[in-house]
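None of the values given here were measured: they were computed from a predicted structure.
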Amino acid sequence: MAYASKRAMRGIAFFGAGVMALGLAACSGTKTDSADSGSASGGQVTVEMWDYLSGETANDSINAAIAEFEKANPDIKVKRTTFAFADLSKSILQGSVGGQVPDVAVVDVVDNQNFASLGMLKDLSNDGINKSDFFDGPWSSVVYEGKTYGIPLNSNNLALYYNKQMLKDAGVEVPTDWASLKDVAKKTTKGDVKGIAISAVKSESATFQVLPFVWQTGGDLNDYATSGATALAYLRGLIDDGSMSEAVTNYTQEDARTQFITGKSAMMINGPWELATLTKDAQFDWDVAPLPKDKRAATSMGGENVVVMNGAKQSDAAVKLAKYLTSAEGAKIYCDGSGQLSSRPDLKGKLKLSEDAKNKVFESQLADAHARAYGKDYPKISEAIQLSMQEALTGASTPEAAAKKAADTINPLLPKN
């Protein structure tokens, strides 16, 4: 449609330098057909699906779920094309301009509302998708201006990793709140070993890591001048007392993991995607705990949603596929194979990962996980948050001044309802 194409062209300029990266490591781009697309025959239709699930376990797992869908729906075949993480959103935007979009796409949660605001996604509000089937955090990421523009597939969040021996040697317990986290970080700091590491590099990782502290104050982005100032002041305090390195402003999530796994940090804040690496490579006893809280418990939520494109050539079949992949049956196949957390409360405790004590920590936090669902201008909002974090943690500005400056940018960009 012409209207959607013009808006999508603005979206391409808006995304400009690329799409924000968060969560699992970006995959290399490949193209894979889960079935021979061939020419439709005997009434059979082919649904085209785009995603970035090209990692070995994710790829095999989504194919397994698709195979079950095709078995139950022999009149539908699914043709998958996979992209590198950072390329998928740009390809969707560019394809929309020329009317070349897939029927279905699996997208990062932070992109869902952006695509909806550009008129690119089908409104699924009347397609029998129930809010009660999903945790509040994942569900909020698919809603835009009161309508449903996607379905949650899987989720992840942040928790506290800790070196059990370092805490024992310091004579401290696992922290549960801001006061005890500050105390444990200070007491486990020794020589070139810091108490805690986070990712605060100027990227979406920084926003992902600071927002839990904002929400834990009891606030949100509409009062970032105060809640943001409190969160930034707390984090800056960890640097001021030597418990956290100022170098975290250059740390990616992988860098934080390196500090932890090499024994240079007693604790780190990171996601479940690090579990496999630590299980394989860490030469010490470690564990995972919920994020320490302030006034309330809160953590950041990442993950993927399944969306149906407005220009889908096989719209009905696309909706059927999207609903199956995100159903209890389809989501369990995908999550069990890929090691992802489900966005569905009815699968809590029923996944293969639910049997693992460390994974259960992340699963248990889904009820407290918040999506970064702040409307079509979220990329600009996130950039302001990243800048405030850089300014406050490097000492270029006070936390209060950095938060006030960011709030002046953020407030006009927040959704009005």
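When all heavy atoms are compared, the tightest approach of Ser155 to Ser343 is OG-OG, 2.7 Å. Closest of all the heavy-atom pairs between Lys313 and Val101 is NZ-O, 4.4 Å. Of all the heavy atoms in Val106 and Met49, the pair that sits closest is CG2-CE, 3.7 Å.
The residues Asp192 and Lys264 are annotated as salt-bridged, a charged nitrogen and a carboxylate oxygen being separated by less than 4.0 angstrom. Under a 4.0 Å N-O distance rule, the pair Lys79/Glu48 does not qualify as a salt bridge. Between Asp346 and Arg344 there is a salt bridge, with a side-chain nitrogen of the basic residue lying less than 4.0 Å from a carboxylate oxygen of the acidic one. The pair Glu68-Lys71 meets the salt-bridge criterion, with a side-chain N (NZ, NE, NH1 or NH2) lying under 4.0 Å from an Asp/Glu carboxylate O. For Lys360 and Glu355, the salt-bridge test fails: no basic side-chain N is under 4.0 Å from an acidic carboxylate O. A salt bridge is defined here as a Lys NZ or Arg NE, NH1 or NH2 lying under 4.0 Å from an Asp or Glu carboxylate O, and Arg236 with Glu246 meets this definition.
The cationic atom of Lys358 (NZ for Lys, CZ for Arg) lies less than 6.0 Å from the six-membered ring centre of Trp286 and within 45° of the ring axis.
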Next on the checklist: Evaluate Tyr374 against Asp220 for side chain to side chain donor-acceptor pair (under 3.5 Å), listing each step before the verdict.
Outcome noted: CA-CA 11 Å; Tyr374 294 102; Asp220 207 331; 2.5 Å; yes
Next on the checklist: With ring pair (Phe, Tyr, Trp, His ring centres under 6.0 Å) as the criterion, how do Phe83 and Tyr52 come out once you've worked through the C-alpha distance, each side chain's angles and the decisive distance to 0.1 Å?
Outcome noted: CA-CA 5 Å; Phe83 296 79; Tyr52 53 72; 9.6 Å; no
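The side chain to side chain contact (heavy atoms under 4.5 Å, CB included) with Asn305 is formed by just one residue from the set Val109, Leu153, Asp108; it is Val109.
The aromatic rings of Phe260 and Tyr161 stand perpendicular to each other, their planes meeting at an angle above 60°, with 30° marking the opposite boundary.
To the nearest 0.5 Å, atom CG of residue Leu341 and atom CD of residue Gln365 are 10.0 Å apart.
Ser125 and Asp123 share a side-chain donor-acceptor pair at under 3.5 Å.
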